[in-house]
Amino acid sequence: MSDKITSIDPSTVPSYTLSTGEKMPAIGMGTFGSDHFSAEDISDAVAGAIDFGYRLFDCASVYGNEDLIGKVFKNAFDKGTVKREDLFIMSKVWNDQHREVEKSIDKTLKDLQLTYLDAYFIHWPFPNYHAPFANADDRNPDSKPFSVDEFMDTWHQLEDAYDKGLIKNLGMSSMTIPKLEAVLPLCRIKPTLIEVEQHPAFQQPDLYQYIVDHDIQPVGFMPLGSPTRPDRDKVAEDVDDMKMPELVAIAKAHNVHPALICLKWAFQRGSIPIPFSIYPAEYQSNLTSITEDPLTDKEMKTMATLDKNNRLVKGEVFLWPGADDWQALWDIDGTITKE
Ligand SMILES: NC(=O)c1ccc[n+]([C@@H]2O[C@H](COP(=O)([O-])OP(=O)(O)OC[C@H]3O[C@@H](n4cnc5c(N)ncnc54)[C@H](OP(=O)(O)O)[C@@H]3O)[C@@H](O)[C@H]2O)c1
């Protein structure tokens, strides 16, 4: 563990070049408290992470902590620890704001105390709102299946915000191949980033390849298999990524925690992992995992065999009345689920 190191040189952290030509750090910090961690704990972690050398942060209005994280950013700029252009800051529009995206961006910019965002995502492809701390079987009677027209209306609002200089890159999240097939040809400005669930037991190989083939940079959420995810997203059959024997054996060979193997694999695969932790020893070693001691080709091949198609965020809370089950959200039969 690297908990004795106080900072690393951020220029030693690898970056990827996006389709726009812009560079982006190859690893970042997540900021979703999963209903367990307080906004104060998370903003303290962001402060510690900037000091340590993190330059990429994955925020969202629905995480309920952008105001405190904004104070941390302002403090870091005022102290001269970093300049605005040194950071890559991402945020997302929540499901209840799809018809008023600019208002959502304005609130996020005000909370984060910024004049622009490096990337802005449609957080979920559905405008289906659920209350905070909802249970998996809660249904909003107004919820509806995916609509290409509604999604594109939201996307065009992101494009307008891009034209105004409020957001530098556009992103989509939790998409499927059928949804992407339907919407990508309709975009005036294509997404540079797509954020989807990705961890060793849920590699989404076809979706991943589709994203890369379309010159879009994948960002992987829940890269460690999110052991602290909300209880509503836990079922008995879920695989614990960090306990898979082959992965544990690779971790032993490298003398590191299995978490760091998940991150090395994600980075070497070409994705940007955004692990979450409020603990310095964890978030520091997460960052340095990709600057040192890479996995061998043989280990990468072994990692590729660990996919269990184990989706953790099944998304039941976004279902509409009458929907069969959570698989309806993910277009399992290769077509967009209509009802
Ligand atoms: N776009 C979306 O819809 C979406 C959805 C979900 C998440 N996200 C983003 O993805 C980020 C990451 O996802 P996540 O927080 O759910 O899951 P995660 O990063 O896979 O897992 C986080 C948990 O892993 C443990 N951990 C972290 N570093 C560790 C280390 N070095 N060694 C051992 N354990 C470690 C911590 O648990 P302990 O506290 O027990 O150590 C931490 O709470 C979120 O914060 C959010 O920004 C986006």
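Since we're looking at a predicted model, the values are computed, not measured. Counting starts at 1 for both ligands and their atoms, following the listed order. One is the number of the first residue; the rest follow in order along the sequence.
- Residue I50 holds its CD1 atom at 10.0 Å from CG of D86, rounded to the nearest 0.5 Å.
- Within 6.0 Å of the NZ atom in K74, the count of heavy atoms belonging to other residues, nucleotides or ligands does not exceed 12.
- For ligand 1, the atoms lying closer than 4.0 Å to a non-hydrogen atom of I274 are 9 (C), 10 (O), 11 (C), 12 (C).
- W155 and F121 end up in the same hydrophobic cluster when Ile, Leu, Val, Met, Phe, Trp and Tyr side chains are linked at under 4.5 Å.
- For E316 (side chain) and D325 (main-chain N/O), no donor-acceptor pair under 3.5 Å exists by modelled atom type.
- Residue S285 approaches ligand 1 through these ligand atoms, each under 4.0 Å from one of its heavy atoms: 31 (N).
- Residue H123 approaches ligand 1 through these ligand atoms, each under 4.0 Å from one of its heavy atoms: 1 (N), 2 (C), 3 (O).
- Distances between N or O atoms of T31 and those of ligand 1 include at least one value under 3.5 Å.
- Taking only nitrogen or oxygen atoms, main chain and side chain alike, F32 reaches within less than 3.5 Å of ligand 1.
- The environment of NZ in K110 is sparse: at most 12 heavy-atom neighbours from other residues, nucleotides or ligands sit within 6.0 Å.
- With a heavy-atom cut-off of 4.0 Å, D58 touches ligand 1 through backbone and side chain alike.
- For F77, the ring-ring contact (aromatic ring centres under 6.0 Å, His included) criterion is met by no residue, not counting sequence neighbours.
- Contacts with ligand 1 closer than 4.0 Å are made by no heavy atom of I278, backbone or side chain.
- In the vicinity of G225, heavy-atom distances shorter than 4.0 Å reach the ligand 1 atoms 20 (O).
- Of all atoms in ligand 1, listed by their number and element, those nearer than 4.0 Å to a heavy atom of S173 are 1 (N), 2 (C), 3 (O).
- Contacts between H257 and ligand 1 below 4.0 angstrom, taking non-hydrogen atoms only, involve the side chain exclusively.
- Polar contact check, L224 against ligand 1: a nitrogen or oxygen pair lies under 3.5 Å apart.
- A cation-pi arrangement, defined by a distance under 6.0 Å to the six-membered ring centre and an angle within 45 degrees of its axis, is present between R84 and Y116.
- Geometrically, ligand 1 and S174 share no nitrogen or oxygen pair separated by less than 3.5 Å.
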Taking distance alone, no hydrogens or angles, what donor-acceptor pairs closer than 3.5 Å link side-chain atoms of residues 42-49 to residues at least two apart or in another chain?
residue, atom, partner, partner atom, Å
S43, OG, A39, O, 3.1
S43, OG, E40, O, 3.2

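- Comment: D78 does not engage K71 in a salt bridge, judged by the lack of any side-chain N to carboxylate O separation of less than 4.0 angstrom.
- Under 4.0 Å from ligand 1, heavy atoms of P223 appear from its side chain as well as its backbone.
- Contacts of S226 with ligand 1, taken as heavy-atom pairs under 4.0 Å, involve both backbone and side chain.
- Between F151 and F146, the ring centre distance stays below 6.0 Å.
- Contacts between F37 and ligand 1, counted as non-hydrogen atom pairs separated by less than 4.0 Å, involve the side chain only.
- Residue D297 qualifies as open at atom CG: its count of foreign heavy atoms under 6.0 Å is 12 or below.
- The atoms of ligand 1 that sit less than 4.0 Å from any heavy atom of P227 are 21 (O), 23 (C), 24 (O), 25 (C).
- Remark: distances from the non-hydrogen atoms of V313 to ligand 1 are all 4.0 Å or more.
- Heavy-atom proximity to P275, at under 4.0 Å, picks out these atoms of ligand 1: 19 (O).
- In this structure, the ring of Y63 has its center less than 6.0 angstrom from the ring center of F32.
- Heavy atoms of Y63 found under 4.0 angstrom from ligand 1 belong exclusively to the side chain.
- Within 6.0 Å of NZ on K308 lie more than 12 heavy atoms contributed by other residues, nucleotides or ligands.
- Contacts with ligand 1 closer than 4.0 Å are made by side-chain heavy atoms of E195 only, the backbone lying farther away.
- Across all non-hydrogen atoms, the minimal contact from I336 to A182 is CD1-CB, 3.9 Å.
- For a threshold of 3.5 Å applied to N or O pairs, the pair formed by S277 and ligand 1 contains no separation below that value.
- Taking every non-hydrogen atom of W124 and a distance limit under 4.0 Å, the qualifying atoms of ligand 1 come out as 3 (O).
- Between M242 and ligand 1, not a single N/O pair is under 3.5 Å apart.
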